[in-house]
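What you see is a predicted model, and the numbers here were worked out from it, not measured in a lab. Sequential numbering from 1 along the given sequence is applied to the chain's residues.
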Amino acid sequence: MRVGLTLLALVVAQTPLLAAPSDAPRIPPVASLTDGQWLKGDLHLHSRHSKDSTNNPEAKIIKFAEDTGFDYLGITDHDNHVAGDVAHNSWSDPEFTSKSVILLYGAEWTTERGHGNVFSAKPYDHQRLFDVRDARDAKILAVKKSLGIHLSGNHPAGKDHWGFSFDMLDSLEVWNSAIWPNNAAALMIWDDMLKSGRKLTGRGGSDSHHGTPDSPEQKTSHTAERNANYVGTPTTWVFAKTRDAKGVVDALTNGRVSISANPYDPRVELSADRDGAGRMDMMMGDDARPSGKPVSFQVRLVGGGVRGAVYHVRVIKNGELLGAYDTDPTSNAVGFTDTPAATGRSYYRVEVEGPQTPYPQVPVSTVLSGKMIALSNPLYFNFDPDF
């Protein structure tokens, strides 16, 4: 017996120890932080092809966007208003064209269980998605994947909330319309999804329906909404590798996205130096493995804004307030340091408050948005890209 134990001990001693199994995700390298451009647009708009819209043909929406300097638009009419035949309504309209504004193909998927917006760089068979609107989630997801579209949940805490699985989504509308106070619950839902490991892009959308009448007799009870909520309230910024529809949709999917209350408010950019090399090497939407050492973060407010204003930045880590900082009025920036856990997931995002920059083309919107200026998308650590 003693000999047997001795031999067993010798075998164990000479056998190399196997590495402990790891559940750490295989995270791809971070993409370039300079190979791209910021494009601004609106991802939730209704034209005359939505029956609840007034005085708002596509030509009027697009002309406004061209004159105001927007880069892209997602005109998302209700598909149930045309029995799913978006292709022969919104997209085939002769007004659906622009020389300067990128137009996405899409629609608002309007169902009994909630609403979602579809975004695509090219035409797709929306009728197929409409026809499975009452099917089980697994069947809908299979159709969505086969169409190669980006699906985004609309106003998740509103009357027509998102009632399907969040695993069907590529993004979530966390800022709907100029009325900022209505979005608090949407942020809570977003944080719940992020904390659970879902790398879900947050986006905005004005959800505007009503334009300016061409003559007094066309005025309706909704006409006043045109001056309160229209294109760009809020504005969604995407860091696109190419200035085309594919670049916009890819950036939206990848989370390199920021939201501002209007196109003249500053764009918030959140970046990080994760390896201590003295340069930022991550931006919003990026995912990386932490080293276990402190990471330097930078928040910058770029363009627009009120000159000399001090903006208040709240840093949210894993759904909780990590810290609050005031920007330097000269640099419009602020930095902070934190250490993401070496194991487990972490994410950081920021919210910015301050004085609203006037939006003369939609003057009442700044009153409705209050002090809320901008939202960033998160920086991620140890999120599984194959979740």
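- In this structure, the ring of His81 has its center no less than 6.0 angstrom from the ring center of His49.
- Residues Tyr264 and Val364 do not share a hydrophobic cluster, defined by chaining ILVMFWY side chains whose heavy atoms lie under 4.5 Å apart.
- A donor-acceptor pair under 3.5 Å is formed between the side chain of Gln356 and the backbone N or O of Gly370.
- Looking at Pro263 and Tyr359, their side chains come closer than 4.5 Å, going by heavy atoms from C-beta outward.
- When every heavy atom of Val268 is checked against every heavy atom of Ser376, the shortest pair comes out as CG1-N, 3.7 Å.
- Within the structure, the side chain to side chain donor-acceptor pair (under 3.5 Å) test picks out the following pairs touching residues 168-181 (sequence neighbours left out): His44-Glu173, Lys144-Asp170, His150-Ser171, Ser152-Ser171, Glu173-Asn176, Glu173-Arg203, Asn176-Asp207.
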>> Checking Met283 against Arg256 for the side-chain contact (heavy atoms from CB on, under 4.5 Å) test, could you report, in this order, the C-alpha distance in whole Å, the side-chain angles of both residues, the deciding distance, and whether it holds?
In response: CA-CA 7 Å; Met283 71 156 63; Arg256 288 187 156 187; 3.4 Å; yes
>> The test is ring-ring contact (aromatic ring centres under 6.0 Å, His included); show your working for Phe166 and Trp190 and say whether it passes.
In response: CA-CA 10 Å; Phe166 283 82; Trp190 188 31; over 10 Å; no
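- A salt bridge links Asp192 to Lys195: at least one charged side-chain nitrogen sits closer than 4.0 Å to a carboxylate oxygen.
- Looking at heavy atoms from C-beta onward, Ser206 lies in side-chain contact with Leu45 at the 4.5 angstrom threshold.
- Using cut-offs of 30° and 60° for the angle between ring planes, the Trp162 and Trp109 rings count as tilted.
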>> If you apply the rule salt bridge (Lys or Arg N to Asp or Glu O under 4.0 Å), what do you find for Arg349 with Asp191, and how did you get there?
In response: CA-CA 10 Å; Arg349 63 175 185 84; Asp191 276 319; 2.8 Å; yes
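- Ion pair Arg113/Asp137 flagged as a salt bridge, since at least one NZ, NE, NH1 or NH2 atom sits closer than 4.0 Å to an Asp/Glu carboxylate oxygen.
- Pro156 and Ile189 get closest at one heavy-atom pair: O-CD1, 3.8 Å.
- Inter-residue side-chain proximity for Arg48 and Asp93 is flagged as met; some heavy-atom pair is nearer than 4.5 Å.
- Between Asp273 and Asp281 there is a side-chain heavy-atom pair separated by less than 4.5 Å.
- Partners of Asp35 according to the side-chain contact (heavy atoms from CB on, under 4.5 Å) rule, which considers only residues two or more places apart in sequence or in another chain, are Ser32, Lys241.
- The closest donor-acceptor contact from the side chain of Lys40 to the backbone of Gly69 lies under 3.5 Å.
- Between Leu172 atom CG and Asn117 atom CG the span is 11.5 Å, to the nearest 0.5 Å.
- Taking the six-membered ring where the residue is Trp, Tyr325 and Phe336 present parallel rings, their angle staying beneath 30° rather than reaching 60°.
- Expressed to the nearest 0.5 Å, how far OG1 of Thr110 lies from CG of Asn80 amounts to 4.5 Å.
- Connection of Ile27 to Phe381 is not established within any shared hydrophobic cluster, with ILVMFWY side chains joined at heavy-atom distances below 4.5 Å, either directly or through further cluster members.
- Scored by the side-chain contact (heavy atoms from CB on, under 4.5 Å) test, His210 finds Thr54, His222, Glu225 as partners (sequence neighbours excluded).
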> Could you walk me through whether Val302 and Trp38 pass the side-chain contact (heavy atoms from CB on, under 4.5 Å) check?
Replying inline: CA-CA 11 Å; Val302 182; Trp38 284 103; over 6 Å; no
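- A salt bridge links Asp214 with Lys60; the closest basic N to acidic carboxylate O contact falls under 4.0 Å.
- Aromatic ring orientation, Tyr380 versus Tyr347: tilted (interplanar angle from 30° to 60°).
- In the hydrophobic clustering of this structure, Val231 does not group with Leu368; members are Ile, Leu, Val, Met, Phe, Trp, Tyr whose side-chain heavy atoms approach within less than 4.5 Å, directly or through other members.
- One finds no salt bridge joining Asp79 and Arg133 here, because no Lys/Arg side-chain nitrogen approaches an Asp/Glu carboxylate oxygen to under 4.0 Å.
- Linking Ile, Leu, Val, Met, Phe, Trp and Tyr residues whenever their side-chain heavy atoms come within less than 4.5 Å leaves Leu194 and Met284 in two separate clusters.
- Formation of a donor-acceptor pair under 3.5 Å by the Lys199 side chain with backbone atoms of Gly285 is found in this model.
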>> Run the side-chain contact (heavy atoms from CB on, under 4.5 Å) test on Val257 and Thr236 for me, step by step, so that the C-alpha distance in whole Å, both residues' side-chain angles and the decisive distance to 0.1 Å come before the verdict.
In response: CA-CA 7 Å; Val257 175; Thr236 300; 3.6 Å; yes
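- Atom CG of residue Asp85 and atom NE2 of residue His126 lie 10.0 Å apart, to the nearest 0.5 angstrom.
- With hydrogens and angles disregarded, a donor-acceptor distance shorter than 3.5 Å links the side chain of Ser50 to the backbone of His78.
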>> Before you tell me yes or no, could you show the steps for Phe64 and Arg226 under side-chain contact (heavy atoms from CB on, under 4.5 Å), namely the whole-Å CA-CA distance, both residues' side-chain angles and the distance that decides it to 0.1 Å?
In response: CA-CA 12 Å; Phe64 178 94; Arg226 161 62 181 79; 3.3 Å; yes
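- Rounded to the nearest 0.5 Å, atoms CD1 (Ile62) and OG (Ser98) are 6.0 Å apart.
- Residues Asn56 and Tyr230 form a side-chain contact, since some pair of their non-hydrogen atoms from C-beta on lies under 4.5 Å apart.
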>> Asp338 vs Lys317, test: salt bridge (Lys or Arg N to Asp or Glu O under 4.0 Å). Steps then yes/no.
In response: CA-CA 10 Å; Asp338 193 57; Lys317 176 185 180 182; 2.8 Å; yes
>> Is there a side-chain hydrogen bond (donor to acceptor under 3.5 Å, both in side chains) between Asp77 and Ser47? Walk through the geometry before answering.
In response: CA-CA 6 Å; Asp77 286 308; Ser47 78; 2.7 Å; yes
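- One finds the OG1 atom of Thr235 at 12.5 Å from the CG atom of Leu39 (value rounded to the nearest 0.5 Å).
- Cluster membership check: Leu187 does not share its hydrophobic cluster with Leu43, using side-chain heavy-atom separations under 4.5 Å among Ile, Leu, Val, Met, Phe, Trp and Tyr.
- At least one donor-acceptor pair under 3.5 Å links the side chain of Ser165 to the backbone N or O of Asp167.
- The two atoms that bring Asn154 and Gly116 nearest to each other are ND2-C, 3.6 Å, heavy atoms only.
- Considering only heavy atoms from C-beta on, Pro358 stays 4.5 Å or farther from Thr366 through its side chain.
- Closest approach of Glu95 to Ala59, counting heavy atoms only: OE1-N, 2.9 Å.
- For Ala272 against Leu379, the heavy-atom pair with the smallest separation is CB-CD1, 3.7 Å.
- When side chains are defined from C-beta on, Val299 does not count as touching Thr327, because their heavy atoms never get closer than 4.5 Å.
- Taking CD1 from Ile373 and OG1 from Thr357, the interatomic distance works out to 6.0 Å, rounded to the nearest 0.5 Å.
- Closest approach of Tyr311 and Val352 over heavy atoms only: CB-CG1, 3.9 Å.
- Checked by atom type and distance alone, the side chain of Ser90 never pairs as donor or acceptor with a backbone atom of Val86 at under 3.5 Å.
- Side-chain atoms of Pro340 and Val295, non-hydrogen and from C-beta on, do get closer than 4.5 Å to each other.
- Ion pairing between Glu66 and Lys99 fails under the 4.0 Å rule for side-chain N and carboxylate O.
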